[in-house]
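Everything on this sheet refers to the single structure shown next.
The structure displayed is predicted, hence computed values, not measured ones.
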Amino acid sequence: MDRVEHLLHASADATPAALAVQDPVRGTLSYADLAAEVALVAAHMQDSVRLGDRVVILTENGVGAVAAIFAAWTCGAIAVPVNARLSAREVDRIIAHADPSIVAFCADVSPDAAAHAHRMGASGVAVPMLTRKTDGDVGPPDVAVVLYTTGTTGDPKGVMLTHGNVRFGGRTSATLRDMTARDVIYGALPVSHVFGLCSVLVASQTCAHQSARCRGSASPLW
């Protein structure tokens with residue numbers, strides 16, 4: 001199965017010094033830097049995550065969000081990115097429904113994520129985490145993400161997307177927009193939304209596979 005994290009590993013192997021991602025807090029990371037960051041976060045997750053477990057990631061856009069999402073995939077888990085600006089009540093409802101083994105907080109770029117981490121007692125530095133003991137069912141092995149709807153007409157609903165779905169969305173967006181490795185992609189839409197995740201983040205990782213003109217991958221910028 002072609003998993004989404006394979007795109008990042010391929011770029012890190014082929015063009016380790018190329019610009020991968022940058023934000024105002026962490027600055028600029030190369031693909032080698034980003035792969036190392038993902039490996040570090042995954043190492044903190046792996047002892048508490050089973051294959052197919054959910055990992056809720058309370059985040060706003062930034063390097064930490066990218067690292068946490070790819071780390072969850074690296075561990076074989078299902079990423080559940082959630083907008084940290086949601087209220088405590090909304091966040092708690094999603095966590096109760098998703099039944100994650102870990103809740104990760106991208107506190108470095110998000111004061112709201114830091115506030116959620118504080119109220120829940122999470123610990124850590126780069127990406128604080130809260131480990132939850134869960135006996136819940138694991139998800140199908142091909143599911144990459146669960147994205148929650150806003151719940152304006154009822155309870156939020158989790159929408160499952162497979163690794164194939166996410167890669168297809170990224171590939172299609174890269175093709176339609178003729179993305180190349182020379183492009184800089186501004187991540188205005190949140191990665192907790194399907195467009196921000198697939199058409200911005202994953203599309204930037206797939207352009208090398210879409211055009212002979214690409215040598216590497218485009219770079220998300222926040």
Mind checking the CD1-CZ spacing from I185 to R177? Nearest 0.5 Å is all I need.
9.5 Å
Of L130, V103, L86, the one forming a side-chain contact (heavy atoms from CB on, under 4.5 Å) with L58 is V103
Under the side chain to side chain donor-acceptor pair (under 3.5 Å) rule, what pairs show up with a residue in residues 66-87, not counting sequence neighbours?
E60-R85, S87-E90
Hey, what do you get for CD1 (I57) to CE (M45), rounding to the nearest 0.5 Å?
5.5 Å
Please list every donor-acceptor pair under 3.5 Å in which a side-chain atom of residues 190-199 meets a protein atom from a residue at least two apart or in another chain.
residue, atom, partner, partner atom, Å
H193, ND1, F195, N, 3.0
S199, OG, S173, OG, 2.7

Which atom pair, heavy atoms only, marks the closest approach of N165 to M160?
OD1-O, 4.5 Å
With a 4.5 Å cut-off on side-chain heavy atoms, are S101 and R50 touching?
no
Let me confirm one number: the CG-CD1 distance from D99 to I94, rounded to the nearest 0.5 Å.
14.0 Å
Within a strict 4.5 Å, meaning less than it, do heavy atoms of the R119 and V91 side chains meet?
yes
Candidate pair Q205 and Y31, rule side-chain contact (heavy atoms from CB on, under 4.5 Å), full reasoning
CA-CA 10 Å; Q205 298 294 314; Y31 275 100; 3.6 Å; yes
Donor-acceptor contact below 3.5 Å, side chain D142 vs main chain T162
no
Applying the 4.5 Å side-chain criterion to the ILVMFWY set and letting contacts propagate, would L201 and L147 be lumped into a single cluster?
yes
Specify the closest pair of heavy atoms between D112 and A84, including all atoms of both residues, with the distance to one decimal.
CB-O, 3.2 Å
If hydrophobic clusters are built by linking Ile, Leu, Val, Met, Phe, Trp and Tyr wherever their side-chain heavy atoms come under 4.5 Å apart, do V109 and L34 end up in the same one?
no
The reported gap from NE2 in H116 to OG1 in T59 (rounded to nearest 0.5 angstrom) is 11.5 Å
What are the two closest non-hydrogen atoms of A77 and V49, and how far apart are they?
CB-CG1, 3.5 Å
Taking every non-hydrogen atom, the tightest pair across F105 and A122:
CE1-CB, 3.3 Å
Does K157 offer a backbone N or O that forms a donor-acceptor pair with the side chain of T149 under 3.5 Å?
yes
Is a donor on one side and an acceptor on the other found under 3.5 Å between the side chain of H163 and the backbone of V4?
yes
Is there a side-chain contact between E5 and V38, using heavy atoms and a 4.5 Å cut-off?
no
Partners of H97 by ring-ring contact (aromatic ring centres under 6.0 Å, His included), sequence neighbours excluded?
Y148
Are L29 and V66 linked, directly or through intermediate hydrophobic residues, by side-chain heavy-atom contacts shorter than 4.5 Å (ILVMFWY only)?
yes
Is there a side-chain contact between V63 and V25, using heavy atoms and a 4.5 Å cut-off?
no
Side-chain donor/acceptor of N61 to backbone N/O of L189, under 3.5 Å:
yes
Non-hydrogen atoms of S48 and T131 that approach each other most closely
OG-CG2, 3.5 Å
Separation between CZ (R171) and CE (M179), nearest 0.5 Å, reads 13.5 Å
Report the distance from atom CD of Q46 to atom CD1 of I102, rounding to the nearest 0.5 Å.
10.0 Å
For R167 and V202 the tightest heavy-atom approach is CA-CG1, 4.4 Å
Grouping I, L, V, M, F, W and Y whenever their side-chain heavy atoms are under 4.5 Å apart, do I78 and F168 come out in a common cluster?
no
